[in-house]
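Reviewing the structure listed below.
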Amino acid sequence: MKVGYPCINRSIGCTANSTFKLASYSEERLIKTVKNNLECLAKILRYNVENDLLFFRISSDLVPFASHPVCKFDWMNHYKLQFKEIGEYIKKKDIRISMHPDQFILINSIKEKVVQRSINELDYHCKVLDAMGLDITSKIQIHVGGVYGDKPKAIERFVERYESLSESIKKRLVIENDDRLFSLKDCLYINQLTGIPVVFDSFHHECLNSEESVRDAIMKAQTAWKDKDGSLMVDYSSQKEGERRGKHATTIDLSLFKNFIDETKGLEFDIMLEIKDKEKSALKAIKLLKEMKIL
DNA sequence: AGTTGTCAAGCTAGT
DNA sequence: ACTAGCTTGACAACT
């Protein structure tokens with residue numbers, strides 16, 4: 001089991017997701033920003049390795065506006081060496097990597113323009129992982145998309161569009177159960193039709209499910225991952241007390257986390273803690289897992 | 001220096 | 001018809 005957190009580290013004083021407004025786009029600005037982001041990403045990964053955090057989500061903002069028409073700059077080539085060095089470190093330390101394009105990325109949209117933009121954005125994510133020379137256990141996770149009042153049709157459109165994607169995207173793309181529209185069961189159905197792996201999001205599953213237990217859900221999600229895809233990826237979070245249903249916790253509740261670990265004992269997966277205070281909670285989780293002799 | 005409004009992009013549900 | 005919320009943060013313009 002590898003443990004990690006997404007995108008941002010608050011302990012080391014720099015970020016690998018710094019961006020700027022489209023209105024202030026310039027090649028110079030882009031070059032400067034990407035340089036900073038790559039340097040900081042290397043620092044974060046070193047911090048993570050020192051702290052036994054071997055799962056990390058790279059921010060989609062690593063190269064701001066990379067898939068936007070305004071960007072004509074060949075960032076991949078310009079920073080070839082830096083990408084390669086980071087990739088070599090990731091491979092040497094056996095770090096698991098994911099990326100998660102945001103909510104605007106829908107391959108099942110009813111608008112052709114949205115689909116095309118989404119594909120361009122997925123292509124950008126692939127290029128980042130390819131430039132690092134990472135294998136296809138490094139995944140790009142998205143949600144299934146919109147329902148548009150007809151779920152079977154929406155799924156049909158997802159499957160159709162998925163089949164028409166380039167091989168390099170298909171090799172890395174995975175779907176994640178969400179908290180309102182497409183449950184784990186829906187995602188596993190899509191897996192049966194396409195073979196696409198399914199990230200299990202435990203918190204979304206709490207919000208929307210077909211009454212599977214966590215253990216049962218994880219075992220089912222595992223069947224969607226083949227050897228070449230690596231271990232099942234799990235996103236873990238819990239409800240923020242006293243807040244709207246679906247709101248992520250500020251810091252990890254270790255007794256809930258312990259329950260989760262007890263319930264899934266013996267099952268192999270990598271776990272990402274989607275909790276507001278990021279590496280702080282991840283460190284607490286690592287400490288607990290060591291005490292429990294799981295790590 | 002500190003504060004506040006705003007940011008490329010889509011969709012759903014609640015008002 | 002409009003907007004908050006989503007992974008939110010943090011950039012940029014204003015006091």
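- Backbone-only engagement by A/Thr19 is indicated by non-hydrogen atom pairs under 4.0 Å involving sugar-phosphate atoms exclusively.
- Two rings, from A/Phe20 and A/Phe65, have their centers less than 6.0 Å apart.
- Within the 4.0 angstrom heavy-atom criterion, only backbone atoms of the sugar-phosphate kind lie near A/Val147; the bases stay farther away.
- Between A/Ile107 atom CD1 and B/dC11 atom C1' the separation is 16 Å, expressed in whole Å.
- One P atom belongs to B/dG5, the other to C/dT7, and the distance between them is 25 Å to the nearest Å.
- Of the P atoms belonging to C/dA4 and B/dC7, the separation is 14 Å, rounded to the nearest Å.
- Residue A/Lys276 places at least one side-chain N or O under 4.0 Å from the OP1 or OP2 atom of C/dT8.
- Listed pair A/Arg117 / B/dG10 meets the phosphate criterion, a side-chain N or O lying under 4.0 Å from OP1 or OP2.
- Using a 4.0 Å heavy-atom distance criterion, A/Thr33 is classed as making no nucleic acid contact.
- Of the nucleotides present, none pairs with B/dA8 by Watson-Crick or G-U wobble criteria with both distances under 3.5 Å.
- Nucleotide C/dT7 holds its C1' atom 6 Å from the NZ atom of A/Lys278, rounded to whole Å.
- At the heavy-atom level, A/His100 lies nowhere under 4.0 Å from the strands shown.
- Stacking here means ring centres nearer than 5.5 Å and ring planes tilted less than 30 degrees, and by that measure A/Phe104 stacks onto B/dA9.
- Atom CG of A/Asp74 has more than 12 neighbouring heavy atoms from other residues, nucleotides or ligands inside a 6.0 Å radius.
- Out of C/dC11, B/dC11, C/dC6, the shortest distance to the side chain of A/Lys111 is found at B/dC11.
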> Could you go step by step and tell me if A/Arg117 and A/Ser67 meet the side-chain contact (heavy atoms from CB on, under 4.5 Å) rule?
Replying inline: CA-CA 8 Å; A/Arg117 269 204 300 264; A/Ser67 74; over 6 Å; no

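- In this structure, A/Ser118 does not reach the B/dA9 phosphate: none of its side-chain N or O atoms is under 4.0 Å from OP1 or OP2.
- Looking at heavy-atom distances under 4.0 Å, A/Thr15 makes contact with sugar-phosphate atoms alone, never a base.
- The listed nucleotides are B/dC11, C/dC11, B/dG10; the one nearest the side chain of A/Ser18 is C/dC11.
- Along DNA chain C, the nucleotide closest to A/Phe20 and the one closest to A/Ile8 are compared, and the more 5′ of them pairs with A/Ile8.
- B/dG2 and C/dC14 make up a base pair, with Watson-Crick or G-U wobble contacts both under 3.5 Å.
- Residue A/Arg29 places at least one side-chain N or O under 4.0 Å from the OP1 or OP2 atom of C/dA12.
- Look at the P atom in both C/dA13 and B/dA8: the space between them is 12 Å, to the nearest Å.
- Contact annotation: A/Arg10 reaches the phosphate of C/dG9 (side-chain N/O to OP1 or OP2, under 4.0 Å).
- Listed nucleotides: B/dG5, B/dA9, C/dG5. Nearest to the side chain of A/Lys21: B/dG5.
- Nucleotide C/dT8: unpaired (no Watson-Crick or G-U wobble partner with both distances less than 3.5 Å).
- Taking atom C1' in both C/dG9 and B/dT12, one finds a spacing of 23 Å when rounded to whole Å.
- A/Ser60 comes within 4.0 angstrom of nothing in the nucleic acid, heavy atoms only.
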